[in-house]
Number of protein chains: 2
Amino acid sequence: MSATIKSVAEYAGVSIKTVSRVINNEGTVKPDTLAKVQQAIDALDYRPNKAARDLAGRDNYVLGYVYDNPNAYYILAMQNGILKECRSNGYELLIHPCDATNPDIIDELVNMVNSARLAGLILSPPLSEMPDVLHAMDEKGIQYVRVLSGDKAPDDKPCVLVDDYQAARQITGHLLDQGHRRIAFIAGEKQHHSTTERQRGFYQALADHGIKADPELVIDGTYSFGTGVQSIQQLLALPEPPTALFACNDEIAAGALFGARMQGVDVPEALAIAGFENSPFSTQTFPPLTTASQPTAQIAQRATSSLIRSLQARKRKAENHTIPADIFVPELIVRESTSR
Amino acid sequence: MSATIKSVAEYAGVSIKTVSRVINNEGTVKPDTLAKVQQAIDALDYRPNKAARDLAGRDNYVLGYVYDNPNAYYILAMQNGILKECRSNGYELLIHPCDATNPDIIDELVNMVNSARLAGLILSPPLSEMPDVLHAMDEKGIQYVRVLSGDKAPDDKPCVLVDDYQAARQITGHLLDQGHRRIAFIAGEKQHHSTTERQRGFYQALADHGIKADPELVIDGTYSFGTGVQSIQQLLALPEPPTALFACNDEIAAGALFGARMQGVDVPEALAIAGFENSPFSTQTFPPLTTASQPTAQIAQRATSSLIRSLQARKRKAENHTIPADIFVPELIVRESTSR
DNA sequence: GAGTAAAATGACAGCGTTGTCATTATGGTG
DNA sequence: CACCATAATGACAACGCTGTCATTTTACTC
């Protein structure tokens, strides 16, 4: 059997409560007592029993990750990052796949949080961008951290920002630097802020170069291969087709690449294509895609760490403990699909 | 606050122990007592507190899913299936990504199972096929269920089989039916049984038609896009190149497709290509790939259900409660990449 | 060095459940 | 109908921890 708080206390010659104070970092333990206890913990390879902790304490050590996102790579990267941070802080993770378009989604989430007695929630897009969901969580007093697209935090709740705007501006800038002037844009779902932010960055980059975007070159779609195939056909049929394309993600870009090649349009000679996300996709096309890389696992880790710190702050009743939002700017990765 | 076993007992007019018996399906409760308790449970929307259960009982209600597999779609599908079954049985799931090539993998797993006090483990390839890992789990008395490639169970421990052999035979048969006689095969990692089983099926189908496989047409590789690209170049350079290809998975097939098109070889006219897995990949190539579809989520669900049943059987000390292995045969999906 | 406030530590109940064992109800027998 | 075996139920401790509050130790003051 594994060590319990009692055996650690005996070994260290203190009361169990003192051990409890040590493992909870309560900070009211004398340095040498602390050292003794730490030593006992190490010697006995003691790990707090989560069930007992959950039962006795008023808080739980379980976080939840709720997702609804068709992109398996993204989800898995998020999950791995969250898991890593959870492990190093003694938290557990409950995974909850769901369907954001389900009208009962809010009930479902509230129910889930209650029945699993979660300490906090990690929300990624699109859930992190649904005001109804956030509002319901606020109302129920459920703590959460959001990962979302933007360059400044919308409020003082913990969040991690991904600056899609800046990255999109860089990608478009790269296309402009290559001499392109007629640049097309294919958007993903408008409900995703990432779409609107990337589009904003696209427009801004054009404006930086004194170019007015041609509305014909901007197409709405979804984050799918099919959108890429269809949109590029439409674009290439234009009297004055674009010489470059910025697709809202790699999947669209891959579709566009395929569509272009099917029509005998050479990439990158006749048409440069850039994607976004640095998904495995982007290296498995011919030619490989220029894209922007977001360190998803790292983002997830940071988000989780913010949530945990905020949880602990609340536990210690520390008021005004606002955690500054982290901002990640996806990094431009230039590959052959945009080389001259 | 949510209902406890005590409030249910009071509401139903019985002792808490009787309620405990009901929620644990112990079967020694009179029908009308059971009905009363059930009604109380429903009325109060009672859900057992997992922490208390774990603490009081000798068993835990947490399963673990350990994975090491680069295929995000597969992992996520597995995970979703497991989760679904866990939820409907009141179990929780602990996710543990790991690296099967790590020499300390066994220590890592044993450690993980101990410190998380898991009830059982769900193992998918390649971990489910590593004798060392299985042996260590057996030694530690850790229950597990395996998902593995094969057509009969290697022992009487719970497992779910995926009959890659049969499916590969069907795919190859389909190619033969189209009149192909020179059919190439590109293998994945030999450590994965799925590779050897698929290869076995390939050979058998040829043998069924009285064809001897040409060793030149069989290439070893890994489950990757790159393998596909390289292998097809090698194959097409042969004095007598194949007219059809069966790739061990869709990723290889996609790579081969690309390689072929780059050399100006038309698919399916000059070369038919079939993959395996029915990954999103397979619909996003041009032309879409013929493949075999395995209902991964369903497989995972069945595996989880086997594990849970076996856990409960052991709890009731039911000897000889062997659960018959489920067998899934992936289904042939014919798309344009093999049409005449 | 006595007196006091603050810091450090400890004793003990209680969290919601299950396991053990005792008790009570039930049904079958002669 | 008394008697017994067995089925059904209940009382209560225990699981390993945290919260509350009491007690002890420390540090500082005059």
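Excluded from the calculations below are hydrogen atoms, water molecules and symmetry mates; all remaining heavy atoms, backbone and side chain alike, are included. These numbers come from a predicted model, not from an experiment. First the proteins, then the strands, lettered A, B, ... as listed; each starts at 1.
- Contact between the side-chain N/O atoms of Lys30(B) and the OP1/OP2 oxygens of dT26(C) is found at a separation under 4.0 Å.
- In this structure, the nucleotide among dG19(D), dG16(D), dA11(D) sitting nearest to the side chain of Lys17(B) is dA11(D).
- Nearest heavy-atom pair, Met78(A) versus Ala300(A), reported as atom, atom and distance to 0.1 Å: O-CB, 3.2 Å.
- Between the CG atom of Leu55(A) and the C1' atom of dT18(D) there is a distance of 10 Å, given to the nearest Å.
- Rounded to whole angstrom, the span from the NZ atom of Lys6(A) across to the C1' atom of dA13(C) amounts to 15 Å.
- What separates CD1 of Ile16(B) from C1' of dA13(D) is a distance of 11 Å, to the nearest Å.
- Residue Asn24(A) has a polar side-chain atom (N or O) positioned under 4.0 Å from OP1 or OP2 of dT18(D).
- A donor-acceptor pair shorter than 3.5 Å cannot be found between the side chains of Asn89(B) and Arg309(B).
- Across the protein-nucleic acid pair, Ile23(B) atom CD1 and dT17(C) atom P stand 6 Å apart, rounded to whole Å.
- When the C1' atom of dG14(C) is taken as reference, atom CD1 of Ile5(A) falls 15 Å away, rounded to whole Å.
- At the phosphate of dG10(C), OP1 or OP2 sits under 4.0 Å from a side-chain N or O atom of Ser15(A).
- Nucleotide dA8(C) holds its P atom 11 Å from the CG atom of Asp32(A), rounded to whole Å.
- Nearest to the side chain of Arg53(B), among dG16(D), dT17(C), dT9(D), sits dT17(C).
- Shown here are the ring pair (Phe, Tyr, Trp, His ring centres under 6.0 Å) partners of Tyr67(A), two or more places apart in sequence or in another chain: Tyr65(A).
- Residue Glu26(B) contributes atom CD, which lies 8 Å from atom P of dT18(C) at whole-angstrom precision.
- Taking atom CG of residue Asn49(B) and atom C1' of nucleotide dG14(C), one finds them 13 Å apart after rounding to whole Å.
- Using a 4.0 Å cut-off, some side-chain N or O of Ser20(B) falls inside it from OP1 or OP2 of dT18(C).
- Between the CE atom in Met137(A) and the CG atom in Leu121(A) there is a gap of 6.0 Å [rounded to 0.5 Å].
- The Thr28(B) side chain lies nearest to dA8(D) when the options are dA8(C), dT17(C), dA8(D).
- A donor-acceptor contact under 3.5 Å links the side chain of Arg21(A) to the base of dG10(C).
- In terms of position on DNA chain D, the residue among Ala56(B) and Leu34(B) whose nearest nucleotide sits closer to the 5' end is Leu34(B).
- Checking the phosphate oxygens (OP1, OP2) of dC17(D), a side-chain nitrogen or oxygen of Tyr46(A) falls inside 4.0 Å.
- Ionic pairing of Asp54(A) and Lys50(B) is not present here: no N-O contact between side-chain nitrogen and carboxylate oxygen is shorter than 4.0 angstrom.
- Where Val14(B) and Ala52(B) meet DNA chain D, the nucleotide closest to each residue was compared, and Val14(B) sits on the side nearer the 5' end.
- In terms of phosphate contacts, Thr18(B) brings no side-chain nitrogen or oxygen within less than 4.0 Å of OP1 or OP2 of dA8(D).
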